[in-house]
Amino acid sequence: MGEKVEVSFYLLDIVFKQKENRPALCLYGKTSSGKKICIVEENFLPYFYAEPIEIEDRERLKKELLALKVPFKEGDAVIHSVEEIEKKLLGSKKSLLKIFALAPSYIPFLKRELDAHPKIKKCYEFDISFIYRYLIDKNILPLALLHATGEWIPEKSKVPVFLAKSITPTEETTSDLQIMAFDIETYSKTKVFQPEKNPILMIALYGKDFRKVLTWKKYSTQLDYVEFAENEKEMLIRFKDLLKEHLPDLLIGYHSDGFDFPYIKTRAEIHNVDMDLGLDYSDLTIGRSSSSACIAGLPHIDLLRFIRHNLRTLETETFTLNAVASEILGEKKKEVDIDALSLVWDGEAEKLDQYCEYNLHDAHLTYQLAQRILPHMIELSGLVGLPLFDINRVSSSRLVENFIMRRMGQFKELIPAKPSYHENQERRSLTYEGAYVHEPKPGFYRNVAVFDFRSLYPTIITAHNISPYTFHCSCCKDKGLVPDTQYWFCREKDGILPSLLEELILRRIRVKEMLKSDKNNLLLQARSESIKLLSNSFYGYLAFFGARWYSLESALSITSYGRHYISQVIAKAQEAGFDIIYADTDSVFINLNERKTEDASEFVQEINKKLPGFMELDYEDTYKTGIFVAVKKGHAGAKKKYALFSESRNKLKIRGFETIRKNWSKLAKEVQQKVLEILLKEENKEKAFDYVRKIIFDIQTKKIPLKKMIISTHIQKSIESYEAVGPHVAVARRMQEKGIPMGPGSIVKFIITSGEGMLRNRARPPEEVKEGDYDAEYYINNQIVPAVNSILSVVGYTEEDLLKSNEQSDLS
DNA sequence: TTTTTGCGGGG
DNA sequence: GTGTACGCAAAAA
């Protein structure tokens, strides 16, 4: 003890702790041999800037400030020290006072006091979280290798604690992380989860060379990974101890912010068990409204949150573990009757094996998903400098913001404050014109060429130097305005945001270049994706009401340029004799008619010759066939709703047809898909029409199996509180009468049966319906016709044609 | 058309 | 906690 030593470690997590007289940062990390340690940094103080009114007597002002006492809780918030410093605000120099304090929580109080101080004009950078401030100022990246000198100190902790005298960052980072995935199963006889009432039955853990399912119902099993606890309380304690024993670098769950951890916390409170999972024995905390489960020193990753926010490239519409795992891993959840778990638990414990397997399999899927997704999170973390815990949870606007904040130092520019509540409200209420959408003429088309601008908004920002820093400069007023506005941006000096964005675009070009010779390099792919995600978020960021660098003028100018360029392409295409079918934001759909693709290619090249900066029009593809439909009422073309067939890729591109959703029967979805396929791939409208006629005939003659007729709907509120009793509510009430509780969140599956009277009296749960006993009329008129009507009317069939009585014999 | 509510994910 | 952190779509008004 007491001897000066050196340690090197990779930074995994960072936690702030207010010590008696000083703020401390606990840097949790692992050494190159994988050992976990905690390095305490006490040499960094929180601060903000204050701009004095006159440059009169600085020394006197400093003394005055140092003597200030601002009431704070039981004591006083005081200023620890003051330094003089130069910074820029929108390019103009400011000489400022850097005000240090001994606690981050003093900062808002001191700031408020100085705002009211007669000798202080304005305060800056008072709303940057202490941890980010530290990472930014010390230029430390998460997962970076750090060297520290200091000494080991005794402290209550699950890992050795080291008090640092100095910390030096390096450029080296690690991506080799030991992860542990977990999942719980709970008692519930309905869809409604009641952690206050119903216990946790199982907890699965899956790590490298480690798998375990904890449960507390003893039954005979051959599964070597099942471990029994006396009761739920002992199981929770065992879970805690296993984490302490294994100390993974990251703990991974799926919807664990919103479900598993809140559930665990509630159950632990009931049993009076401390959920002191933190490496410093601090409790698991659940953030209130944006609910995130946080463990000191052990970053908790909820994959669902990252996937929902930042992995929108997935095809899937829903983000259930099953859907996401089958798309990313090609593997599904284990099929068990989860509804029966509680009954089995109560009465047939010998059948619990399948649920233990199910539980472990979910943890395993989560583990595998983490292996795929972590490279993306790690790349993003390195790019914008946010720790993995935050990368997991922030929106793309905050990614952009942190990226910019980190780079502000090099420009010596001040970081603007977050908007006040009032500004926020004001910004929310402002709207402006968005992208251009050209209304399509409904119809069936052949040879549809699609052009689109590659990264339209990012390239507009860089090509036209759009940013709050270049807005209305004094030098370029007479050099031209943004189309359809009175605004201009500097043409002489590079704006900070456009130059950062340009750097990103160039970096991505380099990464893509490297990928050409190393196609399967997942890390490079993740890097390219991360840069793309960040670049594409700049425009949205400028228009985001909560942004520090909010600039309505910039956002509005970007969309204005966007409309300008797309309209230009449309006009020139028409000049060149092409017919425009449709256009939306950054893409134009052209009817090639008898023209060759070479003509279109040439046209695109001509356009590209005149585009500034990185702007570029891509010839995306030529689609063999395409359908654009009309809006429900009227003859106008529906926007953002079309289907195209790419012969070269042998793939349908279907957009905006919304029947791929709930409360449509499987049959309706199937029929819609099939009709589009026949029309686009086979170009046989008679066959499509006959197909639908055949389906209608089959419905009438009761040949369709019941399971395709099931409609599922979500129950929104308690069954009693519905005033309008729709079919789903009626069915839910019947189920409840039969002893199956129904509440918000329950999914009701029902079939409309034949007979007279109101729908709600004819809706039945599928198990009560005999094969063939569905209401043919209802399914034809409310499911099939709406699904295909707009499509078939494009090729000349009306609703009446579809519903004409089935006398022709060729159909049967 | 504008405002309010409530789901998503999880068993 | 360098406070006051969702976002969208359907239902209701």
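Each chain gets a letter, A, B and so on, in the order the sequences are listed, and its residues count up from 1. Small disclaimer: the values here were computed from a predicted structure and weren't measured.
- Rounded to an integer number of Å, the gap from A:Asp302 CG to B:dG8 P is 16 Å.
- Residue pairs that meet the salt bridge (charged side-chain N to carboxylate O under 4.0 Å, His left out) test with at least one member in residues 384-393 of chain A, sequence neighbours left out, are A:Asp257-A:Arg393.
- Residue A:Tyr254 has its side chain nearest to B:dG10 when only B:dG10, C:dT2, B:dG11 are considered.
- Toward the 5' end of DNA chain B, the nearer of the two residues A:Arg308 and A:Ser188, judged by each one's closest nucleotide, is A:Arg308.
- The ring-ring contact (aromatic ring centres under 6.0 Å, His included) check on A:Tyr47 picks up A:Tyr49, A:Phe100, with sequence neighbours excluded.
- The side chain of A:Pro46 lies closest to C:dT2, out of C:dT2, C:dT4, B:dG9.
- Relative ring orientation between A:Phe130 and A:Phe16 is described as perpendicular, the plane-to-plane angle rising above 60° on a 0-90° scale split at 30° and 60°.
- Comparing the C1' positions of C:dG1 and C:dA5 gives a spacing of 13 Å, expressed to the nearest Å.
- Nucleotides C:dA10 and B:dG9 are separated by 14 Å at their P atoms, to the nearest Å.
- At a cut-off of 3.5 angstrom, the base of C:dG3 holds no donor-acceptor pair with the side chain of A:Asp127.
- Side-chain proximity of A:Leu304 to B:dG11, B:dG10, B:dG9: nearest is B:dG9.
- A tilted orientation is assigned to the rings of A:Tyr367 and A:Tyr206, their planes being inclined by 30° to 60°.
- Within 4.0 Å (heavy atoms only), A:Asn359 reaches no atom of the nucleic acid at all.
- For C:dC6 and C:dT2, the C1' atoms lie 23 Å apart once the distance is rounded to whole Å.
- Between B:dG11, C:dT2, C:dG1, one nucleotide has an atom nearer to the side chain of A:Pro108 than all others, and that is C:dT2.
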